[in-house]
Amino acid sequence: VQLQASGGGQVQAGGSLSLSCAASGRTDRRLPMGWFRQAPGKEREFVTAISGNGVNTYYAAAVKGRFAISRDDAKNTVNLRMNSLKPEDTAVYFCAAAKPGYFSGTYAQRERYDYWGQGTQVTVSS
């Protein structure tokens, strides 16, 4: 599975951006997907995830209520809508896919994910 993230850019605080992650390769399985981010000098951290069937979504406390993850399996994409952006949301955002299996208690763990995209920069200015 190959993942390609797109949609990053620069926006002012309070603005919105949408990211998309396109999957290619073996996409017959509906894999759990997630977004992580990494700011300069910081560890890569969990942002949000969605189960393989799209029923369950999970959010980090810092983004809950502002970000929304969704998936379109017909297009093999996972999307991240980011509203009310803050300067502290500035980071490189990575999409990731996990092999099928237990997910509800492991979605925030980087090691749970088997495939990673290349990252897209999001910059929020104050």
Side-chain angles (χ1 to χ4, degrees):
V1 176
Q2 294 78 46
L3 302 175
Q4 180 76 38
S6 62
Q10 185 167 354
V11 65
Q12 287 192 326
S16 299
L17 276 176
S18 291
L19 305 182
S20 184
C21 178
S24 60
R26 186 176 177 185
T27 57
D28 55 303
R29 302 172 294 175
R30 296 173 68 183
L31 302 179
M33 302 284 292
W35 287 93
F36 286 71
R37 66 186 182 187
Q38 187 167 17
K42 294 189 176 182
E43 294 280 324
R44 190 172 300 189
E45 64 175 5
F46 168 77
V47 176
T48 181
I50 188 166
S51 60
N53 60 11
V55 171
N56 298 305
T57 56
Y58 311 93
Y59 296 93
V63 307
K64 196 168 187 178
R66 300 188 297 122
F67 290 14
I69 189 172
S70 62
R71 61 190 301 150
D72 185 339
D73 292 317
K75 297 180 179 179
N76 294 322
T77 60
V78 172
N79 303 301
L80 177 60
R81 177 65 176 175
M82 304 183 293
N83 297 321
S84 303
L85 283 160
K86 304 175 181 180
E88 50 264 43
D89 294 318
T90 295
V92 177
Y93 283 69
F94 298 88
C95 64
K99 291 180 180 177
Y102 178 64
F103 191 67
S104 62
T106 60
Y107 57 84
Q109 300 170 9
R110 286 178 295 174
E111 56 270 24
R112 178 63 180 87
Y113 296 82
D114 302 280
Y115 312 100
W116 290 84
Q118 86 289 3
T120 184
Q121 177 70 46
V122 171
T123 303
V124 184
S125 56
S126 57

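Hydrogens, waters and symmetry mates are skipped; everything else that's a heavy atom, side chains included, is used.
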query = Can Thr90 and Arg37 be said to form a side-chain contact (heavy atoms from CB on, under 4.5 Å), step by step?
reply = CA-CA 9 Å; Thr90 295; Arg37 66 186 182 187; over 6 Å; no
ask   = With a 4.5 Å limit on heavy-atom distance, are the side chains of Asn56 and Ile50 in contact?
value = no
query = Would Arg44 count as a cation-pi partner of Trp116, with NZ or CZ less than 6.0 Å from the six-membered ring centre and within 45° of the ring normal?
reply = yes
Any donor-acceptor N/O pair, Tyr107 side chain to Thr57 backbone, under 3.5 Å = no
message = Within the 4.5 Å heavy-atom criterion, are Ser18 and Met82 side-chain neighbours or not?
response = no
inquiry  = Is the shortest side-chain heavy-atom distance between Tyr59 and Phe46 below 4.5 Å?
reply    = no
Full working for side-chain hydrogen bond (donor to acceptor under 3.5 Å, both in side chains) between Asp72 and Thr77 = CA-CA 5 Å; Asp72 185 339; Thr77 60; 4.9 Å; no
Side chains of Val47 and Tyr93 in contact at under 4.5 Å (non-hydrogen atoms) = yes
inquiry  = Do Gln121 and Gln10 make a side-chain contact, defined as non-hydrogen atoms from C-beta onward lying under 4.5 Å apart?
reply    = no
message = Is the distance between the ring centroids of Phe94 and Phe36 under 6.0 Å?
response = no
task = Indicate whether the side chain of Ser6 and that of Gln4 have a donor and an acceptor atom separated by less than 3.5 Å.
result = no
inquiry  = Closer than 4.0 angstrom, basic N to acidic O: yes or no for Arg110 and Glu45?
reply    = no
request  = Report the C-alpha separation of Leu3 and Val1 in whole Å, then their side-chain angles, then the decisive distance to 0.1 Å, and conclude whether the side-chain contact (heavy atoms from CB on, under 4.5 Å) test is met.
outcome  = CA-CA 7 Å; Leu3 302 175; Val1 176; 3.9 Å; yes
message = Quick one about Arg81 and Asn79 (side-chain donor to acceptor, distance below 3.5 Å, no hydrogens or angles considered), yes or no?
response = no
ask   = Would you say the side chain of Thr106 lies within less than 4.5 Å of the side chain of Glu111, judging by non-hydrogen atoms?
value = no
request  = Please report the C-alpha distance between Ile69 and Val78 in whole Å, then the side-chain angles of each, then the deciding distance to 0.1 Å, and finally whether the side-chain contact (heavy atoms from CB on, under 4.5 Å) criterion is met.
outcome  = CA-CA 7 Å; Ile69 189 172; Val78 172; 3.8 Å; yes
inquiry  = I'd like to know whether CD of Gln12 has more than 12 heavy-atom contacts from other residues, nucleotides or ligands below 6.0 angstrom.
reply    = no
Atom pair CG (Asp73) and CE (Met33), whose distance is rounded to the nearest 0.5 Å = 9.5 Å
request  = Please test Leu17 against Val122 for side-chain contact (heavy atoms from CB on, under 4.5 Å), starting from the C-alpha separation and ending with a verdict.
outcome  = CA-CA 8 Å; Leu17 276 176; Val122 171; 3.8 Å; yes
remark   = Rounding to 0.5 Å, atoms CD (Glu88) and OG (Ser126) come to a distance of 10.0 Å
